[in-house]
Amino acid sequence: MNNSDIGKIMREIGELLEIKGEMIFKIRAYLKAAEILSTYPEDLAKLYEEKGIKGLTQIPGIGEGLAKKLEELFNNGKIGYFEDLKKELPEGLLELLSVQGVGPKKAKFFFEELGIKDLKGLEKAVKAGKLKDLKGMGEKTEENILKGIEYRKKGIERMRLGDALPVAEALIKELKAAGAKEALYAGSLRRGRETVGDIDILVTAKEHGKAIEAFTSFERVSRVLAKGGTKASILTKDGIQADLRVLSPDEFGAALNYFTGSKEHNVLLRELAIKKGLKLSEYGVFKGNKRIASKTEEEVYRALGLPYIEPELREGRGEIEAALNGKLPRLVEPGDIRGDLHMHTAASDGTGSIAELVSAAKKKSYEYIGITDHSASLKVARGLSPELLLKRIKEIEALNKNLNGIRVLCGSEVDIKPDGTLDYDDGLLSRLDYAIGSVHTSFGMKKDEMTKRVIRAFKSGKIKIFGHPTGRLLNEREPYEIDMNEVIAAAAGEGVSLELSASPYRLDLTDINCRAAKDKGAKVCIDTDSHAIGELENMKYGVMTARRGWLEKENVINCLPLKGLLRFLAR
DNA sequence: GCCGTTTTCGGCCCGACTGTTTTCAGTCG
């Protein structure tokens, strides 16, 4: 049972308690625990195994009560309290909460009045017009719930960061052209989350109405969802929802802070404000009725006695405590990246040539790049035969003699075969500058087998980077089963760095894995895995994810100058 | 159910909107 499964159970308990009408603070304790546990950097089952119930209660938000429930879960595979709740209330009611406009109160009401047990039942009742006659309900409620059901059925998933950011940037450019003074995107996009629900944009403008008018009449707008005096929502032709809020300059910082979130971070900030006898809202920090900070985010944090906290850290994962203790990390920045160590050419499944990659990398002021085409057995990607790879080594040796200011390293993305051996022999691998080991086959292996497979490859001493460690493709393919905590520990021990693939489809290591890697002393390598020249630009997404994982440049091998990098690769 | 440099009891985040109401509960972000 992994952490996110555990978090899910806690959330379901919390939601069932909500429907049941339990005490709100008890509910919050479960929901908060769900959030904390599902993103906890260490494996909870292992933590319990090693440190027992004490290990669990050390986690903030987990007291004796919840720790005992977790203990029961680890020992019996289930929690009696949860099982009892499910007997009391049908589990299907949880589905209803995901419908816009239906919360716990309505879910319970529908269950008691009409015997509705799940989404299907609700849909049937709405369509039969049974809701509007209930007390407190009306035509409008029924209409909204039907819309909510249809919206949910479309299964609109969160878009990838790499799809949202360019749209947000384009909207901001257009808003500025239309007269907006300041314009920034907020929300999970600003925090650099791997997927984003919608795009939030905040602007300051002399005439609010003008900004709203411009926003709702852009070429890319397919539908205007809402349009008022200070805010508007649109749907773009790509099906992306974007919300605009127009503000006056003196409240911009507080609003930016509020709309950047996360919700958890905001709640913690407000709790801190209360402790200090202050009040925080989207309009500013208040002492009594007097507003003492609101113009900039820095000002808001300062008023709360905190240094500025970078958006990527604002997830309620210990950043406020770190800020209070002066222990915030100095996050890695795009400018710290000195090279890209994972790229493909037309020799395997890429599209460009080495020369084109070199020239693109020079424009980015990189000190080095690594060419890493696929290995022989990966036929679908036209992997290089040993002979071709030898030829490639010589080609790059010759090339380096004529290059100034940049060094091309000859690597390979070598398949880790199902038994954990590598796809080229040791002799050939030794002639490379380095090898990335990646899993491209037999994704369906059992967790312990996959973990062993990868760790065996680490122990060969022939790979320096473990490529896209979980194999996931966002919105397309689940990660394969692998014990990342064991893998991270092994990587730290064997001197293998873990790749953070900057491809917007991958972004794994995840932010949470990055943090665990940092804690355990494993190095990370942020690569684009480019298959085309333009993909070198994806590096920024990798850096955002690394920042979410609290990484500093010292944790990232491609922030090293060439000499230091070569030392790492030679170990 | 959690938590404590004002508390081991008594607190626990803030504001807006909506639809249904004559003063507010429920939902959302």
Side-chain angles (χ1 to χ4, degrees), chain A residues 10-11 13-37 56-70 79 81-82 96-110 131-145 147-148 151 186-188 191 196-200 202 225-226 228-231 233 241 243 245 251 254-255 257-286 294 300 304-305 316 320-321 324-325:
Chain A
M10 289 293 143
R11 194 178 66 245
I13 293 177
E15 286 175 344
L16 283 172
L17 291 175
E18 261 188 307
I19 296 172
K20 200 179 155 193
E22 260 287 358
M23 225 188 21
I24 182 71
F25 299 108
K26 188 168 168 179
I27 294 162
R28 266 188 217 162
Y30 275 96
L31 295 179
K32 195 173 162 190
E35 191 64 34
I36 291 166
L37 296 176
L56 299 174
T57 51
Q58 272 160 18
I59 302 170
I62 306 300
E64 224 165 292
L66 286 176
K68 276 201 180 131
K69 299 249 177 1
L70 291 174
I79 300 173
Y81 184 56
F82 184 33
L96 304 193
L97 303 184
S98 65
V99 175
Q100 285 269 336
V102 180
K105 295 283 158 35
K106 287 203 180 92
K108 188 183 186 201
F109 191 53
F110 295 155
L131 300 189
K132 63 176 183 295
D133 300 329
L134 297 175
K135 189 163 175 276
M137 307 285 137
E139 298 266 349
K140 206 76 184 214
T141 311
E142 202 166 70
E143 207 176 288
N144 282 339
I145 289 177
K147 265 191 217 158
Y151 188 79
S188 52
R191 302 199 311 278
V196 171
D198 58 10
I199 296 173
D200 292 308
L202 308 184
L225 299 170
T230 58
K231 59 187 200 178
S233 289
Q241 185 176 332
D243 300 338
R245 288 157 216 271
E251 62 189 16
N257 182 246
Y258 173 77
F259 287 110
T260 297
S262 65
K263 195 180 162 198
E264 289 75 22
H265 179 80
N266 288 353
V267 168
L268 291 167
L269 281 184
R270 288 193 201 121
E271 282 173 358
L272 183 65
I274 291 170
K275 273 187 204 155
K276 292 183 176 287
L278 304 169
K279 190 186 71 165
L280 172 65
S281 78
E282 58 194 279
Y283 299 107
V285 181
F286 295 83
S294 63
V300 169
L304 298 173
I320 292 178
E321 210 184 353
L324 285 168
N325 296 325

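First the proteins, then the strands, lettered A, B, ... as listed; each starts at 1.
Of the candidate nucleotides B:dG1, B:dC14, B:dG26, B:dG1 has the atom lying nearest to any side-chain atom of A:Lys26. Side chain of A:Lys106, nearest nucleotide from B:dG19, B:dG26, B:dC2: B:dG26. With distances taken from any side-chain atom of A:Tyr283 to the nucleotides B:dC14, B:dT20, B:dA16, the minimum falls on B:dA16. Taking the side chain of A:Phe25 as heavy atoms from C-beta on, and the options B:dT27, B:dG19, B:dC12, the nearest nucleotide is B:dC12. Across B:dG29, B:dG19, B:dC14, the shortest atom-to-atom separation from the side chain of A:Lys263 is found for B:dG29.
A:Leu269 comes within 4.0 angstrom of no nucleic acid atom, judged by non-hydrogen atoms across all strands. No engagement by A:Leu268 is indicated, since no non-hydrogen atom pair under 4.0 Å with the nucleic acid exists.
The structure places CG of A:Asn144 at 11.5 Å from CE of A:Met137, a figure rounded to the nearest 0.5 Å.
Distances shorter than 4.0 Å separate some side-chain N or O of A:Gln100 from OP1 or OP2 on B:dG29. Here A:Lys69 reaches the OP1 or OP2 of B:dG1: one of its side-chain N or O atoms lies under 4.0 Å away. Dashed line: the shortest gap from a side-chain N or O of A:Thr141 to OP1 or OP2 of B:dT20 is under 4.0 Å. Note on A:Lys279: a side-chain N or O is less than 4.0 Å away from OP1 or OP2 of B:dG15. For A:Asn266 and B:dG29, the shortest distance from a side-chain N or O to OP1 or OP2 is not below 4.0 Å.
The base of B:dG29 lies close enough to the side chain of A:Tyr258 for a donor and an acceptor atom to sit less than 3.5 Å apart.
Taking for each of A:Gly138 and A:Asp200 the nucleotide of DNA chain B with the nearest heavy atom, the 5'-most of the two is the partner of A:Gly138. Annotation: of the two residues near DNA chain B, A:Ile59 and A:Val102, the 5′-most nearest-nucleotide partner is A:Ile59.
With hydrogens and angles disregarded, a donor-acceptor distance shorter than 3.5 Å links the side chain of A:Arg191 to the backbone of A:Thr260.
For the C1' atom pair drawn from B:dT20 and B:dA25, the interatomic distance equals 9 Å after rounding to whole Å. Between B:dG11 and B:dT6, the distance separating the two C1' atoms is 13 Å to the nearest Å. With both ends at atom C1', the span from B:dT8 to B:dC3 equals 9 Å, rounded to whole Å.
With a cut-off of 3.5 Å on both Watson-Crick or G-U wobble distances, the partner of B:dC14 is given as B:dG29.
The CD atom of A:Glu22 sits 19 Å away from the P atom of B:dC12 (whole-angstrom rounding). At whole-Å resolution of the value, OH in A:Tyr30 and C1' in B:dC12 are 17 Å apart. Here the P atom of nucleotide B:dC2 and the CG atom of A:Leu70 are 10 Å apart, to the nearest Å.
Side-chain atoms of A:Glu264 and A:Asn266 form no donor-acceptor pair, as typed in the model, at a separation below 3.5 Å.
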